[in-house]
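Chain A is the first sequence line, chain B the second, and so forth, proteins listed ahead of strands; every chain is numbered from 1. On a predicted model such as this, the values are computed, not experimentally measured, just so you know.
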Number of protein chains: 2
Amino acid sequence: MKKAQPENDPRALLQARDDFVTQWGTIGTAWGINRTMAQVHALLITSAHLLSTDEIMEDLKISRGNAHKNLRDLVSWGLIRSVVRKGERKEYFEAEKDVWKMFCIILRERRRRELRPAQTALHECAARTKGLKGAEAAAFNKQIKALSDFLELADSVITKISRSEQSTMVPWALRFLK
Amino acid sequence: MKKAQPENDPRALLQARDDFVTQWGTIGTAWGINRTMAQVHALLITSAHLLSTDEIMEDLKISRGNAHKNLRDLVSWGLIRSVVRKGERKEYFEAEKDVWKMFCIILRERRRRELRPAQTALHECAARTKGLKGAEAAAFNKQIKALSDFLELADSVITKISRSEQSTMVPWALRFLK
DNA sequence: GCGAAGTTTCAGTAATTCCTGAAACTACAA
DNA sequence: TTGTAGTTTCAGGAATTACTGAAACTTCGC
């Protein structure tokens with residue numbers, strides 16, 4: 001049996017990176033994130049240097065409009081930031097690479113964009129049936145209340161976790177749950 | 001200012017329930033779950049009695065095919081179960097209504113359907129670049145490893161939580177994080 | 001002000017996902 | 001075996017979401 005030698009072929013790395021980008025795209029899709037956005041993100045978190053819009057278009061074979069939109073979306077999530085080099089007009093991008101920070105950003109944003117509106121909706125629903133008489137109404141109200149309370153708990157846990165970026169306390173607590 | 005009296009109008013309850021169904025559909029959509037599936041689920045968790053396919057079609061104004069598919073999907077998630085009453089041929093459905101159990105079921109299933117495949121993909125990716133030389137390759141590998149480790153931690157935390165259905169220990173821990 | 005280099009917008013199109021309705025199928029009772 | 005009450009499947013259409021490419025816009029140096 002021949003022992004594999006460490007390779008130095010740059011194509012192997014490019015290939016692996018391409019695979020990763022594809023996979024990350026698929027993973028993103030499963031979590032309700034659009035494929036291109038996930039792929040641009042994947043590209044940036046595994047890039048050793050800043051990337052321009054044109055490089056990203058080139059790498060992923062996508063249009064300028066598409067690249068532009070998804071870069072903006074990633075910036076608005078806070079997952080990447082744009083950098084302008086001195087004396088240059090072109091915009092470059094870099095990703096937050098720390099996995100725990102990434103996770104916290106995503107938690108915070110999904111909480112803001114999805115959990116909050118859901119809470120509001122449930123509260124309204126609860127308020128509107130609060131005064132209704134009858135067993136059916138009571139049961140309905142109880143169920144809505146249970147959901148509402150649950151979301152509230154989730155909200156506060158998520159808030160706590162997502163604020164912990166630097167602290168070692170929450171990662172520790174999670175490890176405790178392991 | 002006139003104080004609102006407790007109402008007894010059954011239309012008010014129907015209306016509120018309808019709103020809830022709509023809202024739950026929207027919430028589901030944000031989480032990558034199809035609208036109809038979320039609505040059928042909403043209908044069932046707020047129903048005082050078993051519902052048949054026909055009643056669901058009627059309530060949501062959807063086709064038989066659509067109702068059928070989404071009921072099957074919900075059953076395969078374990079969020080609802082089908083019940084056949086003695087002496088009747090028709091199938092009826094009821095939902096798991098306990099919010100914590102619902103949450104655990106969803107965690108378990110998403111772990112199985114989404115987290116697991118992601119882990120596999122990352123492992124492969126890591127393996128394929130393990131032997132590569134050079135600073136770029138090393139950095140890439142490190143990043144993939146970080147993601148992979150993170151998913152592993154997430155996996156074990158989720159496993160622990162989702163197995164806790166009955167126990168009060170994990171809810172307690174979560175409250176501790178509050 | 002003008003041209004160059006870059007960013008942003010958006011109408012039209014492509015791709016994907018979801019839904020319908022009808023036909024095929026299954027199980028059972030008479 | 002035939003009729004009835006129900007479930008399942010699936011081809012085609014509708015709705016939604018994503019992408020392209022080109023034109024409009026912005027910024028800056030000369």
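Put simply, A/H68 has a side-chain N or O that comes within less than 4.0 Å of OP1 or OP2 on C/dT8. The side chain of A/N34 contributes no N or O atom lying less than 4.0 Å from OP1 or OP2 of C/dT16. For D/dT8, one of the phosphate oxygens OP1 or OP2 lies less than 4.0 angstrom from a side-chain nitrogen or oxygen of B/R72.
Across C/dC19, D/dG6, D/dC19, the shortest atom-to-atom separation from the side chain of B/S63 is found for C/dC19. When each of D/dT7, C/dT20, D/dT20 is scored by its nearest atom to the side-chain atoms of B/E91, the top-ranked nucleotide is D/dT7.
The distance from atom CG of A/D73 to atom P of C/dT9 is 12 Å, rounded to the nearest whole Å. In this structure, CD1 of B/I62 is placed 16 Å from P of C/dA22, rounded to the nearest angstrom. B/I56 places its CD1 atom 15 Å from the P atom of D/dG6, with the value rounded to the nearest Å. Here C/dT9 presents its P atom at 12 Å from NZ of A/K69, a figure rounded to the nearest Å. Note: CZ (A/R64) to P (D/dC25) measures 18 Å, nearest angstrom. Atoms CD (B/E88) and C1' (D/dT7) sit 15 Å apart, rounded to a whole Å. Distance, B/M57 CE to C/dC19 C1': 12 Å, rounded to whole Å. The interatomic distance linking B/N66 (CG) with D/dA15 (C1') rounds to 13 Å, in whole Å.
Applying the salt bridge (Lys or Arg N to Asp or Glu O under 4.0 Å) rule to A/R64 yields the partners A/D54; only residues at least two apart in sequence or on another chain are considered.
If you find the closest nucleotide of DNA chain C to A/G65 and to A/K90, the one lying nearer the 5' end belongs to A/K90. The residue among A/M37 and B/T53 whose nearest nucleotide of DNA chain D lies closer to the 5′ end is B/T53.
A donor-acceptor pair under 3.5 Å links the side-chain atoms of A/E55 to the main chain of A/S52, judged by distance alone. A donor-acceptor pair under 3.5 Å is formed between the side chain of A/T46 and the backbone N or O of A/A42.
Among pairs with a residue in residues 43-69 of chain B, none fulfils ring-ring contact (aromatic ring centres under 6.0 Å, His included), at least two apart in sequence or across chains.
Classification of the A/H41-A/W24 ring pair by plane angle, with boundaries at 30° and 60°, yields tilted.
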